[in-house]
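Hydrogens, waters and symmetry mates are skipped; everything else that's a heavy atom, side chains included, is used.
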Amino acid sequence: MLVLGTLAGCMDSTPEMQVLTVQASAYNSLAAQTNDNPTLAAWGDTLTPGMKAVAVSRDLIKEGLTYNTLIEIDGLPGQYRVLDKMNKRWTRKIDIYMGKDVDAAREWGVREVTIRWVPALVEE
């Protein structure tokens, strides 16, 4: 009985869905757009075409968009995983990974989007 009460109490502490409007651009696995190792993301993951990944501006990391967070992006199907960080000069921005499809990235351009995510639970 005590265990059920404890579990019920934990269920009440589930973080709420966060919603934010940001600028969204797109990038590719090309040295000209990143660096001399264009498939290596900031946290050490290897990006491959077809992955649903994003890079986030560093201010968004402080808002809960940390490594491996799943996000939904209005206008795009499915969920995207935070696997990369953007240069420090950017704020309130995400960069959507589009493999090597430069045409898709150019077609996307830069636009304002609404993103949604549930912050990771932090153990105390």
Side-chain angles (χ1 to χ4, degrees):
M1 190 75 144
L2 179 60
V3 172
L4 290 176
T6 303
L7 289 175
C10 290
M11 294 172 83
D12 293 338
S13 63
T14 302
E16 291 185 29
M17 178 77 70
Q18 300 293 306
V19 180
L20 189 64
T21 299
V22 297
Q23 288 291 313
S25 54
Y27 73 110
N28 307 105
S29 294
L30 302 173
Q33 292 183 26
T34 58
N35 59 27
D36 60 346
N37 193 352
T39 61
L40 182 63
W43 279 290
D45 296 278
T46 299
L47 301 175
T48 57
M51 290 178 83
K52 290 189 171 198
V54 297
V56 296
S57 57
R58 292 163 193 254
D59 61 316
L60 296 179
I61 295 169
K62 295 173 188 168
E63 292 197 36
L65 283 168
T66 58
Y67 174 68
N68 236 3
T69 300
L70 289 173
I71 70 169
E72 295 174 357
I73 304 169
D74 280 4
L76 294 176
Q79 294 182 313
Y80 287 73
R81 190 170 299 277
V82 175
L83 294 179
D84 209 352
K85 300 178 211 177
M86 298 176 75
N87 186 290
K88 292 176 185 176
R89 72 178 176 262
W90 300 112
T91 57
R92 283 283 206 250
K93 189 171 182 185
I94 65 171
D95 215 1
I96 303 165
Y97 178 65
M98 295 198 174
K100 294 185 179 187
D101 192 344
V102 175
D103 290 336
R106 284 188 179 135
E107 185 177 321
W108 176 268
V110 177
R111 58 181 88 171
E112 195 170 87
V113 296
T114 300
I115 59 174
R116 292 173 177 74
W117 76 96
V118 175
L121 288 174
V122 177
E123 293 187 27
E124 297 178 16

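The two residues Trp108 and Ile96 make their nearest non-hydrogen contact at CZ2-CD1, 3.6 Å. Across all non-hydrogen atoms, the minimal contact from Ser57 to Trp90 is CB-O, 3.3 Å. Among all heavy-atom pairs drawn from Ser29 and Pro38, the shortest one is C-CB, 3.6 Å. Of all non-hydrogen atoms in Asp74 and Arg116, the two that sit nearest each other are OD1-NH1, 2.6 Å. Smallest separation of non-hydrogen atoms from Glu16 and Pro119: O-CD, 3.4 Å. Of all non-hydrogen atoms in Glu63 and Trp117, the two that sit nearest each other are O-CZ2, 3.5 Å.
Summarising the geometry, atom CG belonging to Leu30 is positioned 7.5 Å from atom NZ belonging to Lys100; distances are rounded to the nearest 0.5 Å. Atom CG of Leu47 is separated from atom CG of Leu83 by 6.5 Å, given to the nearest 0.5 angstrom. Considering OG1 of Thr69 and CD1 of Ile61, their distance stands at 9.5 Å, rounded to 0.5 Å. One distance of note links OG1 of Thr46 with CE of Met51; it measures 8.0 Å at 0.5 Å rounding. Remark: Met86 CE to Thr91 OG1 distance equals 9.5 Å, nearest 0.5 Å. Between the CG atom of Leu60 and the NZ atom of Lys85 there is a distance of 13.0 Å, given to the nearest 0.5 Å.
Using a 4.5 Å heavy-atom cutoff, the side chains of Val22 and Lys93 are not in contact. Taking 4.5 Å as the limit, some side-chain heavy atom of Ile73 sits within range of a side-chain heavy atom of Tyr80. Counting heavy atoms from C-beta outward, Leu65 and Val54 have side chains that stay 4.5 Å or more apart.
Linking ILVMFWY side-chain heavy atoms closer than 4.5 Å, directly or via other members, places Ile71 and Leu20 in a single hydrophobic cluster. Tyr27 and Val102 sit in two unconnected hydrophobic clusters of ILVMFWY residues. Membership requires side-chain heavy atoms under 4.5 Å apart, directly or through other members. Both Leu76 and Val56 sit in one connected hydrophobic cluster of ILVMFWY residues. Membership requires side-chain heavy atoms under 4.5 Å apart, directly or through other members. Linking ILVMFWY side-chain heavy atoms closer than 4.5 Å, directly or via other members, places Tyr67 and Val118 in two distinct hydrophobic clusters.
No donor-acceptor distance shorter than 3.5 angstrom exists from the side chain of Arg81 to the backbone of Ala53, with no hydrogens or angles considered. Asp84 places no side-chain N or O within 3.5 Å of a backbone atom of Ala41 that could act as its donor or acceptor partner.
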What's the verdict on side-chain contact (heavy atoms from CB on, under 4.5 Å) for Thr48 and Thr39, showing C-alpha distance, side-chain angles and the deciding distance?
-> CA-CA 7 Å; Thr48 57; Thr39 61; over 6 Å; no
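The 12-atom threshold is exceeded at CZ of Arg111, counting heavy atoms of other residues, nucleotides or ligands nearer than 6.0 Å.
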